[in-house]
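Read the structure below first, then the notes.
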Amino acid sequence: MNTQPTPPGPAPAPPCWGEHPTSRTPGWAYTDGEVYRQELERFFYRGHWCYVGLECEVPEAGDFKRTVVGERSVVMVRDADGEVRVVENRCAHRGVAFCRERHGRVKSFVCPYHQWNYNLKGELTGLPFRRGLKQDGQVLGGMPADFKLGDHGLTALRVARRGGAVFASFDAGVEPFEDFLGPEVLSYYDRVFHGRPLELLGYSRQRIPANWKLMQENIKDPYHPGLLHTWFVTFGLWRADQKSRMVTDRHHRHACMASRRNDGGAAEVTQGVGSFRAGMQLKDPRLLDVVPEDWWAGHTVVMMTLFPSVIIQQQVNSLSTRHLQPVAPGEFDFVWTHFGFADDSAEMKQRRLRQANLFGPAGYVSADDGEVIEFVQQAFSANPGARTVSELDGRGVGGTEHMVTETLIRGMYGYWREVMEK
């Protein structure tokens, strides 16, 4: 099987960053086509693990899920031995994206163009007229004598499985997954994926007309939730007067925002905040029927961003992964996979599903994020020479014990620039 990593391309030559390069991001970082192409090569196809799904999405042999790494279509499949494999959705013959369904169960993969057949490990097992066609005492056509099935399997990605989640990489030399996360972030990852079997609850998906990094920023930004989101500031789900912790790995590419909800209501942090609604009440209080779980360890919310491809959300009892799928410099698909634990009670399962209404494309909270980053993209598309200013709490990077900061955004762009300028 082909497991060769993509060869590196030339480094881009972007305009000068100017002063304060980690806290003042230039608009062309979100709009430039060549920068975007280099991001795909350097972050999605080399040196990084990318999220592809949950093991519970492919529970039986032959179960598959079609998804992407960067822009490349891939298939996650469980083989006959129970192993989870990830292969590129590209026939080795003429390059056809052979898998057309998002989910299903198969015994093998057959390319519709010329019927090349692959087993669940991605190995080529047969093809029509390999030995030619016998006609009138002659053998017509056929593959060369030195043609070997074993040389023409599907491109296999490296796979990492931990706690029920699956990550993959085109880079055969990528570091171990645990080293990629680092100990600071790994402990928060294991808090969610702590060994209990997972149960798939459903999906939602949307296409957002904005650069993919803007959503990574958004979930590395504790400054905005208590200002933008009426639900958060009014009902105490996330606001600046809560005990909070911001955590990052040593490279500052991944991050965790952890906090504890309070009772909400009017307070010093709501003064002058236009999104706060003092008289707002729920017609169905079950939407905020929060039941603490033992594994929370005190945090009612942890939003984890694993660069470049996924956000792992625990917002009270709601659990989901949010997969970033780049489409163009100013466009990405955002795929939510809602899940729980297989041993959840029926009541907890319904609670998780109800609370999921806060999130997703039309969520009471998340709809705000998709809209506001579109506004950012519109502005920088018109003026790519403009810059952001992410200097709340200074210009340094690192963890904090409060949420009045933009340190995680600065850290991410420090890492982004380091990789892009190699």
(request) Only one of Arg46, Lys213, Arg417 passes salt bridge (Lys or Arg N to Asp or Glu O under 4.0 Å) with Glu39; say which it is. (result) Lys213
Under the side-chain contact (heavy atoms from CB on, under 4.5 Å) rule, collect the residues that match up with [X], sequence neighbours excluded.
{"X": "Arg161", "value": "Glu55, Arg78, Glu83, Val84, Val159, Val166"}
{"X": "Asp368", "value": "Leu228, His229"}
{"X": "Pro361", "value": "Ser204, Gln206, Trp336"}
{"X": "Lys349", "value": "Glu199, Leu201, Leu353"}

(request) Give me the ring orientation class for His194 and Trp295: parallel if the planes are under 30° apart, tilted from 30 to 60°, perpendicular past 60°. (result) tilted
(message) What I want to check is whether the side chains of Gln314 and Tyr188 have a donor and an acceptor closer together than 3.5 Å.
(response) no
(message) Looking only at side-chain N and O atoms, does Gln313 offer a donor or acceptor that is under 3.5 Å from a partner on Ser318?
(response) yes
List in chain and number order the residues that pass ring-ring contact (aromatic ring centres under 6.0 Å, His included) with [X], two or more places apart in sequence or in another chain; answer none if no residue qualifies.
{"X": "Phe98", "result": "Phe109"}
{"X": "Phe307", "result": "Phe43, Trp212, Tyr415"}
{"X": "His402", "result": "none"}
{"X": "His299", "result": "none"}

(request) State plainly whether the residues Asp344 and Arg351 are in salt-bridge range, i.e. N to O under 4.0 Å. (result) no
(request) Give a yes or no on whether a salt bridge exists between Arg85 and Asp79, defined as a side-chain N under 4.0 angstrom from a carboxylate O. (result) yes
(message) If I take atom CD1 from residue Ile312 and atom CE from residue Met303, how far apart are they, to the nearest 0.5 angstrom?
(response) 10.0 Å
(request) Sort and list the pairs that fulfil salt bridge (Lys or Arg N to Asp or Glu O under 4.0 Å) and have at least one residue in residues 217-234, not counting sequence neighbours. (result) none
(request) Would you list the pairs meeting salt bridge (Lys or Arg N to Asp or Glu O under 4.0 Å) in which at least one residue belongs to residues 292-304, sequence neighbours left out? (result) Glu293-Arg352
(message) Does Arg72 qualify as a cation-pi partner of Phe170, given the criterion of NZ or CZ under 6.0 Å from the six-membered ring centre and within 45 degrees of its axis?
(response) yes
(message) Counting the benzene-type ring for Trp, do Phe332 and Tyr36 have ring centres under 6.0 Å apart?
(response) no
(request) Apply salt bridge (Lys or Arg N to Asp or Glu O under 4.0 Å) to Arg395 and list each qualifying residue two or more places apart in sequence or on a separate chain. (result) Glu391
(message) Going by salt bridge (Lys or Arg N to Asp or Glu O under 4.0 Å), name the residues that satisfy it together with Arg253, two or more places apart in sequence or in a different chain.
(response) Glu175, Asp249
